2 protein chains.
Amino acid sequence: MRLTDRQKLILTLIIHEHIQTAQPVGSKTLVQKYHLSMSSATVRNEMATLTDYNLLRQPHTSAGRVPSEEGYRYFVGNLIHNSTLPTTTRRTITHQFYQSRQDVEQWLKLAASVLANQSQAASLVTAPHAEKAIFKHLELIATSGRQVLMVLVLMGGEIRQQFISLAEPVPQDRLSEIATKLSNLCVRCDAEGIARLRGHFDPLGQDILDILLAEMTLIEESATGQIYLDGMTNVLAEPEFSESDDARQALNLLQEPSLLENLLASTVMNTDVGGIQVLIGGEGNWEQLRQCSIVLARYGDPNTLTGSIGVLGPIRMPYDRTISTVRFIANVLSDLVSETLAV
Amino acid sequence: MRLTDRQKLILTLIIHEHIQTAQPVGSKTLVQKYHLSMSSATVRNEMATLTDYNLLRQPHTSAGRVPSEEGYRYFVGNLIHNSTLPTTTRRTITHQFYQSRQDVEQWLKLAASVLANQSQAASLVTAPHAEKAIFKHLELIATSGRQVLMVLVLMGGEIRQQFISLAEPVPQDRLSEIATKLSNLCVRCDAEGIARLRGHFDPLGQDILDILLAEMTLIEESATGQIYLDGMTNVLAEPEFSESDDARQALNLLQEPSLLENLLASTVMNTDVGGIQVLIGGEGNWEQLRQCSIVLARYGDPNTLTGSIGVLGPIRMPYDRTISTVRFIANVLSDLVSETLAV
DNA sequence: TTTTAGCACTCTCACTATGAGAGTGCTAAA
DNA sequence: TTTAGCACTCTCATAGTGAGAGTGCTAAAA
């Protein structure tokens with residue numbers, strides 16, 4: 001299927017117009033609004049061809065045309081010129097990041113928030129996560145009585161904390177001693193390496209080693225880091241979702257970590273860092289996303305830490321702008337990760 | 001305004017029926033459905049009286065009656081008998097908490113999730129937060145080059161982490177030494193106490209002390225801890241929100257931390273731990289909540305660490321059940337906090 | 001061969017009846 | 001004080017109607 005330049009133009013204009021109005025686009029309207037140097041009849045003929053190609057759809061005989069999912073896919077794949085965000089916008093965003101508290105969590109929240117605001121849609125950001133969990137440092141802090149706070153730091157900067165109930169109270173000195181010993185022995189080990197250290201410790205150290213081991217295994221098993229969402233309500237404001245249940249279903253998908261991990265695993269995980277993936281109308285695989293599109297990217301250092309970011313909005317989405325925004329934020333996060341978290 | 005027993009009965013039944021059907025309730029329906037030993041005419045008369053008292057409303061002449069906000073308020077204040085959750089439900093919930101990973105964050109997420117599922121509404125949980133930030137422990141962990149991860153633990157178990165960019169690389173030994181010294185000197189100090197220690201350190205230690213101080217001040221200034229939300233989409237499923245914009249506005253309120261802190265500050269912060277506060281239809285103060293009700297409670301240890309939990313749903317909410325659930329979860333969290341986080 | 005004017009045709013949407021159904025308030029009797 | 005009876009009101013679902021927007025086709029023009 002090769003389109004003539006004129007067909008490409010008409011498809012682009014229809015998509016452009018439909019994104020603005022959320023209404024079917026008619027031939028006459030199109031000619032008037034964009035001052036086309038051809039008659040509406042010509043446009044009609046081209047529209048008929050594009051409809052034959054399944055790039056356009058007619059909600060009913062004698063309504064205007066609406067881009068089909070395939071139409072959007074063709075548009076995204078062939079007609080979008082790689083635009084970048086305006087310099088001022090980019091400056092503003094970068095500025096916000098360097099102004100914020102120096103903390104990964106803050107950055108990720110900020111990324112989700114900026115993404116949601118710029119795209120006026122729902123956004124998601126997953127924390128950078130290493131495929132392999134490598135031990136870096138352990139701290140044990142006595143809180144009250146037999147309760148001890150364990151802080152585990154991984155290579156790459158992921159931090160996990162949890163409480164441990166000991167059989168009997170242990171003074172902080174003793175805890176620090178164990179923590180130091182464990183830290184020195186385990187550094188740069190993965191779960192297997194740590195498992196091999198069993199038997200080098202007294203009973204208390206052994207207990208803590210086991211808990212540490214369980215935690216490392218747990219981390220390895222999870223496919224993504226913590227998930228941050230923002231802008232859920234932006235989606236609800238779109239006219240196509242005002243009455244139906246579709247938006248609710250799509251937002252549910254985002255909020256159910258297992259479902260979302262699934263989605264990410266089968267899409268963006270296969271993408272290179274820097275690449276963009278666009279999922280239009282669920283592509284037949286995601287029933288809940290029939291009315292939605294998702295723009296996804298991966299950020300971070302491909303060899304060590306990576307995370308995903310994305311935007312969920314209606315199929316009728318300004319793809320060029322959204323893609324530019326997602327790409328830009330992904331780059332910003334990649335820079336931050338490589339500056340602060342590099343191994 | 002004193003109601004007769006019969007009026008109380010009728011008001012209760014109307015509310016009960018309306019909560020189930022989301023429709024105006026007529027006199028005849030009421031008599032039939034609840035096998036009342038009086039005629040519909042009598043019910044009509046009582047309804048007229050209750051309408052005079054502004055406890056009921058008529059959407060239009062010759063429709064059934066709908067409880068007014070005042071009606072709900074009277075119901076919550078006078079007609080709800082302090083019911084508790086069924087034992088099996090309570091067991092299930094408690095079990096889930098003791099099964100989960102031993103980590104405050106997990107508990108709070110779980111609390112939000114259970115609350116949302118039990119009440120089929122949106123839930124919110126704020127992390128336990130001390131009015132006064134008291135230093136407990138500091139760790140400094142070298143990551144790469146000049147980047148250092150600072151982990152700050154407060155009395156009560158709040159943990160904050162952030163990255164510090166040093167002027168030049170510093171070996172881990174040196175960092176540990178500084179951290180230990182700071183930890184020993186600052187323990188049990190508030191921000192002022194720490195400020196008094198300025199000048200006791202070499203330049204590097206001084207820099208870190210300043211960052212620590214800034215962080216402590218920041219914590220003191222924030223009114224609540226981290227906020228966890230769940231079940232947003234439950235609200236969207238309610239029939240009264242299927243078309244209007246009201247749900248979106250209410251959910252926006254929850255997701256905007258500053259607005260939410262504001263709301264909490266002027267309501268639940270004035271409540272005792274263990275007490276329940278019910279905010280019906282925004283009570284004239286919260287325009288975005290005109291169509292919603294919120295059930296709030298505080299948990300934790302009144303003298304040290306407290307947090308808030310709550311449920312947001314339509315005004316037409318099963319108050320007795322929701323209140324029992326909120327109260328129960330608040331107690332569970334209070335127990336967990338006092339067991340693990342006590343000073 | 002491509003483009004365009006003209007025209008009959010189609011389908012939606014907003015608007016206007018219309019009538020069944022549910023519910024009310026009032027009156028007068030029990 | 002309660003209740004049966006009745007006239008009245010208001011909504012909601014249904015159907016009919018006409019204006020408006022848009023199409024596809026045909027035949028003429030470029």
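Computed from a predicted structure; not experimentally measured. Atom set for the values below is all heavy atoms of this structure, side chains included, hydrogens, waters and symmetry mates excluded.
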Give none if [N] has no partner; otherwise give the nucleotide forming a Watson-Crick or G-U wobble pair with it, both distances under 3.5 Å.
{"N": "dG25(C)", "result": "dC6(D)"}
{"N": "dC15(C)", "result": "dG16(D)"}
{"N": "dT1(C)", "result": "dA30(D)"}
{"N": "dT1(D)", "result": "dA30(C)"}

Are [X] and [N] close enough that a side-chain N or O sits under 4.0 Å from OP1 or OP2?
{"X": "S62(B)", "N": "dT11(D)", "result": "no"}
{"X": "S27(A)", "N": "dT23(D)", "result": "yes"}
{"X": "R6(B)", "N": "dT2(D)", "result": "yes"}

Please report the distance, rounded to the nearest Å, between [atom1] in [X] and [atom2] in [N].
{"X": "N45(B)", "N": "dT24(C)", "atom1": "CG", "atom2": "C1'", "answer": "11 Å"}
{"X": "M47(B)", "N": "dT2(D)", "atom1": "CE", "atom2": "C1'", "answer": "17 Å"}
{"X": "L30(B)", "N": "dA22(C)", "atom1": "CG", "atom2": "C1'", "answer": "14 Å"}
{"X": "R65(B)", "N": "dC10(D)", "atom1": "CZ", "atom2": "P", "answer": "14 Å"}
{"X": "R44(B)", "N": "dG5(D)", "atom1": "CZ", "atom2": "P", "answer": "12 Å"}
{"X": "Q23(B)", "N": "dT11(D)", "atom1": "CD", "atom2": "P", "answer": "14 Å"}

Which atom pair, heavy atoms only, marks the closest approach of [X] to [Y]?
{"X": "Q288(B)", "Y": "L253(B)", "value": "NE2-CD1, 4.1 Å"}
{"X": "H18(B)", "Y": "R316(B)", "value": "O-CD, 3.3 Å"}
{"X": "A250(A)", "Y": "L289(A)", "value": "CB-CD2, 4.0 Å"}

Point-to-point distance, once rounded to the nearest 0.5 Å, from [atom1] of [X] to [atom2] of [Y]:
{"X": "F328(A)", "Y": "L115(A)", "atom1": "CZ", "atom2": "CG", "answer": "11.5 Å"}
{"X": "L296(B)", "Y": "T126(B)", "atom1": "CG", "atom2": "OG1", "answer": "10.0 Å"}
{"X": "N45(A)", "Y": "S39(A)", "atom1": "CG", "atom2": "OG", "answer": "8.0 Å"}

*Taking only heavy atoms on the protein side, list every residue of residues 32-42 of chain B lying under 4.0 Å from any atom of DNA chain C, sorted numerically.*
none
*Residue-level proximity of residues 48-59 of chain A to DNA chain C when a heavy atom falls under 4.0 Å*: none
*Y319(B) vs Y72(B) aromatic rings, parallel, tilted or perpendicular, using cut-offs 30° and 60°?*
tilted
*Heavy atoms, side chains only, cut-off 4.5 Å: are E17(B) and T21(B) in contact?*
yes
_Using heavy-atom distances to pick each residue's nearest nucleotide on DNA chain D, tell me which of E46(B) and H60(B) is more 5'._
E46(B)
*Carefully, step by step, assess Y53(A) and Q7(A) under the rule side chain to side chain donor-acceptor pair (under 3.5 Å).*
CA-CA 11 Å; Y53(A) 290 165; Q7(A) 287 166 341; 4.9 Å; no
